[in-house]
Each structure stands twice: as structure tokens, then as C-alpha cells.
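Single-structure report; data block below.
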Protein chains: 2
Amino acid sequence: MTRFLGSGETAQSRLKARSAMGEDVYEVLLSQIISLKIAPRERISVDALARELGVSQTPIRAALIRLEAEGLVVKKHNVGYSAAPVPNARHFEEIYEMRMLLEPAAAELAARNMTQETAERLQEAHDHMCELENDIAQRNYSQFARFDAEFHAIIAEASGNSLIVDTLDRLRIHTHLFRSRQHFTITHEAVSEHIVLLDALLNGKTEDAKWAMADHIARSRERIVPFSEMDHQL
Amino acid sequence: MTRFLGSGETAQSRLKARSAMGEDVYEVLLSQIISLKIAPRERISVDALARELGVSQTPIRAALIRLEAEGLVVKKHNVGYSAAPVPNARHFEEIYEMRMLLEPAAAELAARNMTQETAERLQEAHDHMCELENDIAQRNYSQFARFDAEFHAIIAEASGNSLIVDTLDRLRIHTHLFRSRQHFTITHEAVSEHIVLLDALLNGKTEDAKWAMADHIARSRERIVPFSEMDHQL
DNA sequence: CAATATCAAATCCGATCGGAAATGTGAAAT
DNA sequence: ATTTCACATTTCCGATCGGATTTGATATTG
């Protein structure tokens, strides 16, 4: 499998460069969208991006088609691509309705399938969030959001159902797009809810895990919903 | 907005031809896959398809990228695309696990939001299946599957949650890919279960609708699972 | 005879070209 | 002054080209 790479460092870097330009473009575009460097509804010109990134239009189109399939950009035929609009209140409700259906079940399954390694990963993510909670003065919200997302992702993985994992991954990106408008999040409550959830998960209390997750999601929704009342877009 | 089209007939047909070649290729490929004219694991050559369909490689690639995002084809870098493999027993379990989470909830919501028009559409789909049940000697299974899919799709739509609709759409295609291997389905039981479900839906019995759907899905799974034991592919 | 290495065919993937549609600008006319 | 028409720019979308990689076949050697 592994080749001999005497002076392979450059060879590998070149290989990596050649391997997946389309993939790289996709990831660049994805991060630009979730970081809001590309604003919602902002037009995304293919050849402008091609010039900017120094590649041809072909990998740009490929990336945009993928992003469209994931609902992150929208296409109008013969007009062009643009970043998806800011989700409105209805969309927000749908996301949480979906999470309420999937995540408690995922937690229940995760509690049943819990392994040593998964437990450690969960504990680690939780510890990171606890540390950040103290440094709250630094307003390190994006870091916290990262670990929170990882915490939930680990639980989804531990459910053993790859369809749930993929669906929640998509939902998480959209949730994040929503949350990044009001990047204030009451982290203390989230952490205390995580503690209850973590206890149930690590001790195999499947019913408690399901309930704790449902409670956590419901409260998380309540923490955001008051601020989404003002919908001036569409 | 509307142009004067004196001899516009040909102009419009040409316009339609120009409008969405990529879209047409996508639909052709999609139907070829779900009808198993392209077998699972079968390689899909880009330029072969380009010659066959009389278009260039560009729209072919676009369609394949979309299909890959939907999990219907898989890509190996620098090697090519191929139709997704036949789902194995584990994949089958995951699909039904997911349906068990979403469809009962969709039925509950649908019962709550039931409208006159939706009720009529449901009744119509159900009637078609009842008719086909009598013509069972004709082995009109694909027709039955079509109406069954529509029946479930109407319920999903009636839930009012577009995320649930999209997710169940994807699951339905995969379910269909699975079922099309063993295209025998005991339709009598399905119809009688639909009657219970339909009664609950039309009369606003939300809890009953949820339970009836869960029961229907569980039984549907039981009807297929015995035949999926023999997994000679991976 | 088996295993390996070399060569050729097929194929993908990115780059570039050209036609067509849509949007925006500006001038002219009522 | 507002509307309308014409033109120019921008942009997409399909077609085609060329380099790079993989795969399959043939031949050679132990």
C-alpha cells in the first residue's frame, strides 16, 4: 500500500494538491458560508470565485452543486447561485421539531451502546466546555459552539445509525447558521443540562438519557426562540 | 414578462430543450437507478453516458454529483462513479429505525393539520391501492408501490415540516431500492393497516394516528426482514 | 507455471472556449 | 418625468481539449 517516498515529501504534497481540488473548493466555500463571510442571499459568481481561488470554473461548479443538494446554496437557472437565505421562524421550528424526534432517540441508543472510548470522548468534550464556561468573559462562544456540536455529534455516532448521523450533521449546520446571527448563548444552563445527560449516558440509563436529551433540546430551543420573533426577511 | 411568440412554438420547444439538460440527465439517471436498469455496484462511465445520451460530459457530471450527495451513487477519486451497492441488513435496519422515528410523528402532525384537500388525496391513493389489491393476479406490484409511496408522501407533506418531507423522500428511494429486489409484498395486510391509519388521520385522532403508523411501519419491516437474512454481498 | 513488470487503453478531472439568457445602463420619446 | 426600447455587460451552461491516473493485458523471468 505505502509507497517508498525518498524525496516523497514534495511528491505527496503535489499528490495531495492534485488529489481533490473540487473537495478543497467545497470545504473553502462551506467554511465561508458557515462563518458568514458569504452573507445569506449573497450572490456567488462562478468565475469570480474561479479567479479568486485560482482554479477553473469546473471544480467551483462541482462544489456548488454539492452545496445546493445540502440546502446551503440555492440555484436559479441561467441566473446563478446564491447563499441560502437566513432561515425564518418557521424553518427554525422545523429544525427543532426534527431534532426533538432524532436526538433523544440517538441518546437512548447511545446509552445502550456506550463504550469506553465513546465515554472518554464525551467526557473530554464536556470538560472543554466546562473550562470555557469560566473564561466566559472572553466571549469564546464559537469555541463553545464547536465543542457543543462535537458533544452532540459523538452521541449521534454512538447511536450506531449512520442515517441519523448524516441527518443530524445537516441539521447542525443549519442550526449553526441560525445561531450565528445571535451568538449569545446561555452556556451555564447548557452545561448543567449536559451533566445530567452525561450521567445517564455513562451509566446506561437509557430512558433517562432520552428524557435528558429531549429536555436539553427543548430548553435550547426556548433559549433562542424569543429572539427570532422579529422576522423582517420574507 | 411574457414575450410575444408568433412562431413561438418552436422557440418554446427549443427553449425547453435548452432550459435544463442537466436536470433531464439527472431524472433519466435517477429512473435508471431505481428501476435497476443500472444494477447496484455497476460502474457508470461518464463519457459512455455522454455518447449514449448525446450530450457532453458536463451535465453528466453535474447529475452524478447530485446523485452522490443523495447517496444513490458512490464516487472513487480518479476511478469513477458506480451505482450504490445493495443495502445490507444493517442498512436496512437503519432505514427502518429512522422511519420509526419520523413517520409516526409525521402522522400525528398530519392528523392535527388535516385539511379537506389532503383528506381527499389520501382517500384517493387508498382507493387506488384497494382496486389494485383485487387485480393482484396481475402482479401489479410496481403500481401498488407507487401509490403506497404517494400515500406516505402525502402524510409527510401534511405534517407541515419540509425537513421531514425531504428526509422521508430520501429514505423512500432507498427503501424502494431495497424492496425492488424482492418485489413480492403482502399487500392485503398493508391495505388493512392503511384503513386503520386513514380512519385516525381523517378523524383527528392524533394519538391513534401515531400509533397506527408505528404499527404499520413495524409490520412492514417484519414483512421484509426475513428475506434480508441472506446477505451474500458483504 | 506462477508472479511480476511493463505497456496500452480507458477514464477521470481540471481548463478553456463559445453561445445564450438575463440583468443593468442609458437614451429617446410621449 | 416616466416609460420603453435597445444595447452592452455579466454570467451561466454545455462542449471540447489535454494531462494524469488507474486498470487491464501482455510478455518476460525465476
Side-chain angles (χ1 to χ4, degrees), chain A residues 1-5 8 10-29 38 41-69 72-84, chain B residues 1-29 38 41-69 73-84:
Chain A
M1 284 299 179
T2 58
R3 309 271 181 82
F4 297 109
L5 294 173
T10 58
Q12 180 149 8
S13 62
R14 176 173 301 178
L15 184 75
K16 192 157 194 175
R18 291 232 174 271
S19 75
M21 276 191 178
E23 197 77 11
D24 291 346
V25 173
Y26 170 80
E27 300 204 3
V28 167
L29 229 42
I38 297 179
R41 287 248 177 232
E42 183 178 335
R43 292 212 42 194
I44 301 177
S45 164
V46 172
D47 35 5
L49 260 178
R51 283 189 296 272
E52 186 177 340
L53 298 181
V55 297
S56 84
Q57 300 182 4
T58 309
I60 309 279
R61 293 184 213 175
L64 285 172
I65 292 171
R66 283 183 59 183
L67 289 168
E68 189 206 5
L72 291 173
V73 305
V74 292
K75 180 177 93 169
K76 248 182 82 180
H77 185 64
N78 275 337
V79 172
Y81 290 90
S82 57
Chain B
M1 285 296 179
T2 58
R3 307 276 180 79
F4 298 107
L5 294 174
S7 61
E9 202 282 324
T10 57
Q12 180 149 11
S13 62
R14 177 173 302 178
L15 184 76
K16 191 158 196 176
R18 293 231 173 270
S19 75
M21 277 191 178
E23 197 77 12
D24 291 345
V25 172
Y26 170 80
E27 300 205 2
V28 167
L29 229 42
I38 298 178
R41 286 249 177 233
E42 182 179 334
R43 292 214 40 195
I44 301 178
S45 164
V46 172
D47 37 5
L49 259 178
R51 282 189 297 272
E52 186 176 343
L53 298 180
V55 298
S56 84
Q57 299 182 4
T58 308
I60 308 278
R61 293 185 214 175
L64 285 172
I65 292 171
R66 284 182 58 184
L67 289 168
E68 189 205 4
V73 304
V74 292
K75 179 176 94 170
K76 248 182 81 180
H77 184 64
N78 273 338
V79 172
Y81 291 90
S82 57

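Every chain is numbered from 1 and lettered A, B, ... according to where its sequence line falls, protein lines coming before strand lines.
Although no hydrogens or angles enter the test, the distance criterion places a donor-acceptor pair under 3.5 Å between the side chain of Arg43(B) and the main chain of Val79(B).
Closest non-hydrogen pair, Val74(B) versus Ala83(B), comes out as CG2-O, 4.4 Å. In terms of heavy-atom proximity, Gly22(B) sits nearest to Pro59(B) at CA-CB, 3.9 Å.
Straight-line distance from the CD atom of Glu23(B) to the P atom of dG14(D): 10 Å, rounded to whole Å. If you take CE of Met21(A) and P of dT21(D), they are 12 Å apart, rounded to a whole angstrom. When the P atom of dC13(D) is taken as reference, atom CG of Asp47(A) falls 11 Å away, rounded to whole Å. In this structure, the CD1 atom of Ile65(B) is 12 Å from the P atom of dG14(D), given to the nearest Å. Rounded to whole Å, atom P of dT11(C) lies 11 Å from atom CG of Leu49(B). Note: CG (Leu53(A)) to P (dA15(C)) measures 11 Å, nearest angstrom. Taking atom CD1 of residue Ile60(B) and atom C1' of nucleotide dT11(C), one finds them 14 Å apart after rounding to whole Å.
At a cut-off of 3.5 angstrom, counting only N and O atoms as typed in the model, there is no donor on one side facing an acceptor on the other between the side-chain of Arg61(A) and the base of dG14(C).
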Query - Leu67(A) vs Tyr26(A), side chain to side chain contact (heavy atoms under 4.5 Å, CB included): CA-CA, chis, key distance, verdict - result: CA-CA 8 Å; Leu67(A) 289 168; Tyr26(A) 170 80; 3.5 Å; yes
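Distances shown here put a side-chain N or O of Ser56(A) below 4.0 Å from the OP1 or OP2 atom of dA15(C).
With respect to Glu23(B) and Arg66(B), a salt bridge is recorded, a charged nitrogen being found less than 4.0 Å from a carboxylate O.
Closest-nucleotide positions on DNA chain D for Val79(B) and Gln57(A) were compared, and the one nearer the 5' end corresponds to Gln57(A). In terms of position on DNA chain C, the residue among Thr58(A) and Lys76(A) whose nearest nucleotide sits closer to the 5' end is Thr58(A). Annotation: of the two residues near DNA chain D, Gly54(B) and Arg43(B), the 5′-most nearest-nucleotide partner is Gly54(B).
Of the listed nucleotides (dT11(D), dA22(C), dC12(C)), dA22(C) has the atom at the smallest distance from the side chain of Asn78(A).
Using a 4.0 Å heavy-atom criterion, one finds that Ile44(A) contacts the sugar-phosphate atoms exclusively.
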